[in-house]
Amino acid sequence: MKFDLDTAWKDTTGLMSRNLGLLAVIAGVFIFLPNAGIAIALPEMGNLEDAQASGNFDAMMAAINDLYASYWWVFLILALIQGAGLLAMLALVRRRANPTVGEALSTGAKSVPSYVGAQLLQTALIAIAVTLLVGLGAVTGLRALAVLGAVIAFVLVCYIVTKLSLAAPVIAIEGELNPIKALQRSWSLTGGNSLRLFFFYLLLIVAFIVLSTVISLVLGLIFALAGEQAALLGEAVISGLLSAAMIVVTACVLAAAHTQFNRLKAAPLPPTNN
């Protein structure tokens, strides 16, 4: 049985439409307000936006490094809050007992350590793989081998991220709090359908990038017409809204994919002709 992209998208939109009000509340508290607040409170965010607008890659990287070096703890707290929000959304849309918002938030909060552990293990796995592949080319000094290693490393990272992408719904929906077992479960669920799942994610990412770029340009222009202060406030609001929308869609996509893979694993094998 193969993962069906059309079914996954229909399931995703169905989850969003049935739970939009409650998802919007969670996204507003856990995603929109923290992101918008940081964009307003940190003056260095303006330097980053100026560097991005300039198109100077070195200036942009310098601004990013300065921002994270100064406020790494803020972004760590933000990541934990967003992780709790994502897990709460997953629990809300797919827990069989149809939990209340309070129960979903409780599930999200207690699942955060497991989610963080799974993310750290995934990051370590990716770091080891990339270091070995890229380092091999660097040690030999052969440019062609270094480029080949970088390409293979990129493909491997995409593969690992796709295979382990269902760890969050395994934790939030199935209640598996052991991060190693959650990663193993995700790897097992996606077996034989990794390429289809990757292209499903890729299509959604491209669509979101296009839509968010258009929305940012249009709304940014409207706020800019109202003056400099309005433009700064508008950028914070737009950033918060887009982040909230992205997490809501991500939660529904992961829940829909997790549900379909569970159906596929439970489905009987088709008869064979002996």
Side-chain angles (χ1 to χ4, degrees), residues 1-16 83 86-87 89-90 93-94 115 118-137 144-174 176 179-213 245-273:
M1 299 292 289
K2 295 297 182 182
F3 178 75
D4 186 81
L5 278 65
D6 184 58
T7 299
W9 178 242
K10 289 179 179 177
D11 289 345
T12 298
T13 54
L15 290 173
M16 284 192 289
L86 173 64
L87 294 167
M89 291 181 200
L90 286 166
V93 299
R94 268 306 178 199
Y115 177 71
Q119 291 298 306
L120 290 176
L121 289 171
Q122 177 178 309
T123 301
L125 178 61
I126 291 173
I128 292 172
V130 171
T131 300
L132 290 175
L133 289 170
V134 176
L136 179 63
L145 189 58
V147 172
L148 179 61
V151 172
I152 296 175
F154 176 76
V155 173
L156 184 59
V157 168
C158 292
Y159 178 74
I160 292 174
V161 170
T162 301
K163 291 287 293 181
L164 302 181
S165 62
L166 298 185
V170 168
I171 292 170
I173 298 173
E174 298 183 13
E176 177 56 74
I180 296 178
K181 290 184 178 180
L183 292 173
Q184 291 174 335
R185 171 71 171 158
S186 176
W187 193 282
S188 174
L189 280 174
T190 56
N193 285 285
S194 303
L195 188 59
R196 285 173 171 264
L197 184 60
F198 169 75
F199 279 113
F200 181 57
Y201 291 156
L202 181 62
L203 289 172
L204 294 178
I205 290 171
V206 171
F208 182 82
I209 291 174
V210 173
L211 286 174
S212 61
T213 300
M246 180 184 69
I247 297 298
V248 168
V249 174
T250 298
C252 292
V253 165
L254 292 177
H258 174 262
T259 300
Q260 185 177 163
F261 277 116
N262 272 315
R263 288 200 300 261
L264 293 177
K265 293 298 181 181
L269 293 176
T272 57
N273 295 323

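Small disclaimer: the values here were computed from a predicted structure and weren't measured. We're numbering straight along the sequence, starting at 1.
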**Q** Tell me, do Leu254 and Tyr201 make a side-chain contact under 4.5 Å, heavy atoms counted?
**A**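 When only atoms from C-beta onward are counted, Tyr201 and Leu254 do touch, with a gap below 4.5 Å.
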**Q** Indicate the atoms forming the closest heavy-atom contact of Ala256 with Asp11, along with that distance.
**A**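 Where Ala256 meets Asp11 most closely, the heavy atoms are CB-CB, 3.6 Å.
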**Q** Does any part of the side chain of Leu5, heavy atoms only, come nearer than 4.5 Å to the side chain of Leu203, both counted from C-beta?
**A**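 The answer is yes, as the side chains (C-beta and beyond) meet within the 4.5 Å cut-off.
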**Q** Can you list every pair that meets side-chain hydrogen bond (donor to acceptor under 3.5 Å, both in side chains) and has a residue in residues 147-157, with sequence neighbours left out?
**A**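 Residue pairs with at least one partner in residues 147-157: there are none.
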**Q** Run the ring pair (Phe, Tyr, Trp, His ring centres under 6.0 Å) test against Tyr159 and tell me which residues pass, sequence neighbours left out.
**A**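 If we apply the ring pair (Phe, Tyr, Trp, His ring centres under 6.0 Å) test to Tyr159, skipping adjacent residues, the hits are Trp187.
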**Q** Do you know the tightest heavy-atom contact between Ala257 and Leu166?
**A**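 Minimum heavy-atom contact is CB-CD2, 4.1 Å.
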**Q** Atom CG of Leu197 and atom CD of Gln260: how far apart are they, to the nearest 0.5 Å?
**A**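 Answer for the CG-CD pair, Leu197 versus Gln260, is 9.5 Å.
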**Q** Tell me which pairs pass salt bridge (Lys or Arg N to Asp or Glu O under 4.0 Å) where either residue lies in residues 183-205, with sequence neighbours left out.
**A**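 Checked against salt bridge (Lys or Arg N to Asp or Glu O under 4.0 Å) - neighbours excluded - the pairs reaching residues 183-205 are Glu174-Arg185.
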**Q** Taking only residues two or more places apart in sequence, or in another chain, which ones meet Thr13 in a side-chain hydrogen bond (donor to acceptor under 3.5 Å, both in side chains)?
**A**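 Checked Thr13 against side-chain hydrogen bond (donor to acceptor under 3.5 Å, both in side chains); zero matches.
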**Q** Report the distance from atom CE of Met246 to atom CD1 of Ile209, rounding to the nearest 0.5 Å.
**A**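 If I round to the nearest 0.5 Å, the distance is 10.5 Å.
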**Q** For Trp9, which residues count as a ring pair (Phe, Tyr, Trp, His ring centres under 6.0 Å) partner, sequence neighbours excluded?
**A**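 For Trp9 there are no ring pair (Phe, Tyr, Trp, His ring centres under 6.0 Å) partners, ignoring immediate neighbours.
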**Q** Could you measure the distance from the OG atom of Ser194 to the CG atom of Leu189? Nearest 0.5 Å is fine.
**A**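 One gets 11.0 Å once the value is rounded to the nearest 0.5 Å.
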**Q** Tell me, please, which residues at least two apart from Lys10 pass side-chain hydrogen bond (donor to acceptor under 3.5 Å, both in side chains).
**A**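 So Lys10 forms a side-chain hydrogen bond (donor to acceptor under 3.5 Å, both in side chains) with Asp6.
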**Q** If you look at every heavy atom in Gly83 and Tyr115, which pair is closest and at what distance?
**A**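 Heavy atoms only, the tightest pair is CA-CE2, 3.9 Å.
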**Q** Please enumerate all residues that pass side-chain hydrogen bond (donor to acceptor under 3.5 Å, both in side chains) together with Asn193, with sequence neighbours excluded.
**A**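 Not a single residue meets the side-chain hydrogen bond (donor to acceptor under 3.5 Å, both in side chains) criterion with Asn193.
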**Q** So, taking the atom named CD1 in Ile173 and the one named OG1 in Thr259, what distance separates them when rounded to the nearest 0.5 Å?
**A**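 The OG1 atom of Thr259 is 6.0 Å from CD1 of Ile173, to the nearest 0.5 Å.
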**Q** Only counting residues at least two apart or in another chain, list the ones meeting side-chain hydrogen bond (donor to acceptor under 3.5 Å, both in side chains) with Thr190.
**A**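 Listed in chain order: Lys163.
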**Q** With Phe154, which residues qualify under side chain to side chain contact (heavy atoms under 4.5 Å, CB included), at least two apart?
**A**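 Scan of Phe154 (side chain to side chain contact (heavy atoms under 4.5 Å, CB included), adjacent residues dropped) gives Cys158.
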**Q** Compare every heavy atom of Ala182 with every heavy atom of Glu176, then report the nearest pair and how far apart it is.
**A**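 Smallest heavy-atom distance, with atoms named: CG-N, 3.9 Å.
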**Q** Considering residues at least two apart in sequence or located in another chain, which fulfil the ring pair (Phe, Tyr, Trp, His ring centres under 6.0 Å) criterion with Phe261?
**A**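 Scan of Phe261 (ring pair (Phe, Tyr, Trp, His ring centres under 6.0 Å), adjacent residues dropped) gives Phe3.
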**Q** Which residues pass the ring pair (Phe, Tyr, Trp, His ring centres under 6.0 Å) test with Phe198, not counting sequence neighbours?
**A**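 Ring pair (Phe, Tyr, Trp, His ring centres under 6.0 Å) list for Phe198, sorted by chain: empty.
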**Q** Could you list the donor-acceptor pairs under 3.5 angstrom formed between side-chain atoms of residues 119-137 and any protein atom two or more places apart in sequence or on another chain?
**A**
from: Thr123; atom 1: OG1; to: Gln119; atom 2: O; distance (Å): 2.8
from: Thr131; atom 1: OG1; to: Ala127; atom 2: O; distance (Å): 2.6

**Q** Can you name the closest pair of heavy atoms from Leu90 and Pro169 and give their distance?
**A**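 Smallest interatomic distance, heavy atoms only, reads CD1-N, 3.7 Å.
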**Q** About how many Å separate CD1 of Ile205 and OG of Ser212, when rounded to the nearest 0.5 Å?
**A**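 Taking OG in Ser212 and CD1 in Ile205, the distance rounds to 11.5 Å.
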**Q** As an exercise, state the distance from OG1 of Thr12 to CZ of Phe200, rounded to the nearest 0.5 Å.
**A**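 Going from OG1 on Thr12 over to CZ on Phe200, the span is 4.5 Å.
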**Q** Taking the side chain from Ser186 and the backbone from Leu183, do they hold a donor-acceptor pair closer than 3.5 Å?
**A**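 Side chain of Ser186 to backbone of Leu183: no pair is present.
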